[in-house]
Peer 1: 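Before anything else, here's the structure in question.
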Amino acid sequence: MHIHKFEKIWLIFGVTALLVFLSVLGVSAFYLGNQPPSCLAVIDPTKVDEHDTFKEPGLKKVEGKDWDYELVYVAQAFAYTPGTVEVPLGAKVKVIVTSKDVIHGFGVAGTNINMMVEPGYISEIVTTFDKAGEYLVLCNEYCGSGHHMMTSMIKVVE
Ligand code: CUA
């Protein structure tokens with residue numbers, strides 16, 4: 001079978017690109033330990049207020065875990081609870097979010113925190129706030145007429 005020279009080059013390029021991207025993915029997942037935000041934890045969205053984790057949203061100090069604090073949020077159209085929270089500088093924090101109604105987002109401006117918040121699921125991310133300042137939390141999934149007003153504030157203080 002005759003394959004044209006340019007077609008050969010293009011095939012080699014394609015296969016090489018595939019191998020490069022698979023290697024990047026493999027190193028990221030297995031060596032650096034990066035994983036997509038978990039959707040393994042489920043919750044009944046009609047019973048969020050009764051849930052052990054979510055009945056008192058906000059910052060909690062925890063012991064004996066890989067992180068120092070848990071920062072719990074409940075998202076619902078068109079607000080987050082809590083609206084403002086203070087986090088000590090340098091604290092390792094597990095952010096835990098769920099939604100009571102529709103799909104919301106949880107993006108923290110100026111950081112790499114960006115989660116989808118789906119009713120029925122618990123979204124989690126572990127992060128360290130190592131720069132003092134005010135961080136705006138934004139909903140980045142369109143959730144209705146008040147979507148653009150849906151914000152919260154994380155204040156990282158010394
Ligand atoms: Cu909540 Cu957009």
Side-chain angles (χ1 to χ4, degrees), residues 17-18 20-22 24-158:
L18 182 67
V20 166
F21 290 134
L22 283 175
V24 169
L25 196 68
V27 168
S28 171
F30 298 109
Y31 181 67
L32 299 175
N34 288 325
Q35 288 177 351
S38 86
C39 267
L40 300 173
V42 292
I43 182 172
D44 180 344
T46 63
K47 293 191 177 137
V48 170
D49 290 334
E50 296 149 48
H51 192 277
D52 279 346
T53 304
F54 293 99
K55 61 186 170 198
E56 284 175 49
L59 190 72
K60 276 166 233 171
K61 183 115 179 80
V62 293
E63 303 287 336
K65 297 189 178 173
D66 286 344
W67 44 90
D68 312 314
Y69 292 90
E70 288 179 350
L71 180 51
V72 177
Y73 282 94
V74 175
Q76 92 189 94
F78 300 100
Y80 299 98
T81 312
T84 309
V85 76
E86 286 195 357
V87 177
L89 182 67
K92 195 170 182 188
V93 179
K94 184 179 203 179
V95 183
I96 306 170
V97 195
T98 195
S99 167
K100 276 185 176 178
D101 41 36
V102 295
I103 294 177
H104 297 281
F106 190 92
V108 184
T111 72
N112 64 350
I113 300 172
N114 186 358
M115 297 191 283
M116 208 170 171
V117 183
E118 296 163 89
Y121 292 95
I122 299 171
S123 305
E124 300 173 331
I125 190 167
V126 177
T127 188
T128 304
F129 291 96
D130 44 19
K131 248 175 99 181
E134 298 193 339
Y135 294 86
L136 186 64
V137 179
L138 289 165
C139 179
N140 50 18
E141 298 281 341
Y142 183 74
C143 52
S145 58
H147 161 71
H148 61 289
M149 300 183 300
M150 190 165 168
T151 62
S152 179
M153 182 67 83
I154 297 174
K155 290 180 180 171
V156 178
V157 292
E158 296 193 37

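The figures that follow rest on heavy atoms only: side chains count, while hydrogens, waters and symmetry mates do not. First listed ligand is number 1; within each ligand, the first listed atom is number 1. Predicted, not measured: the structure shown is a model, and the values here were computed from it.
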Peer 1: Would you say His104 reaches atom 2 (Cu) of ligand 1 with an N/O/S atom under 2.8 Å?
Peer 2: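 Not a single backbone or side-chain N, O or S atom of His104 is under 2.8 Å from atom 2 (Cu) of ligand 1.
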Peer 1: Tell me if a side-chain donor or acceptor on His104 pairs with a main-chain N or O of Glu141 at a distance below 3.5 Å.
Peer 2: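 Pair absent, no side-chain N/O of His104 close to backbone of Glu141.
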Peer 1: Ser99 and side chain to side chain contact (heavy atoms under 4.5 Å, CB included): which partner among Val48, Ile122, Val117, Val74?
Peer 2: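 Among Val48, Ile122, Val117, Val74, the one meeting side chain to side chain contact (heavy atoms under 4.5 Å, CB included) with Ser99 is Val117.
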Peer 1: With no hydrogens and no angle check, is any side-chain donor or acceptor of Tyr80 less than 3.5 Å from a backbone partner on Cys139?
Peer 2: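 Between the backbone of Cys139 and the side chain of Tyr80 there is a qualifying donor-acceptor contact (under 3.5 Å).
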Peer 1: What do you get for the angle at atom 2 (Cu) of ligand 1 between O on Glu141 and SG on Cys143, to the nearest 10 degrees?
Peer 2: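 Between O of Glu141 and SG of Cys143, at atom 2 (Cu) of ligand 1, the angle is about 110°.
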Peer 1: Determine, for Asp66 against Lys94, whether the closest basic-nitrogen to carboxylate-oxygen distance falls under 4.0 angstrom.
Peer 2: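 Lys94 and Asp66: not salt-bridged.
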Peer 1: Taking 2.8 Å as the cut-off, does Met150 contribute an N, O or S atom near atom 1 (Cu) of ligand 1, distance below it?
Peer 2: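 Given the 2.8 Å cut-off, Met150 counts as a ligand of atom 1 (Cu) of ligand 1.
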Peer 1: Please give the atom name: the N, O or S atom of His147 nearest to atom 2 (Cu) of ligand 1.
Peer 2: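 Output for this pair reads ND1.
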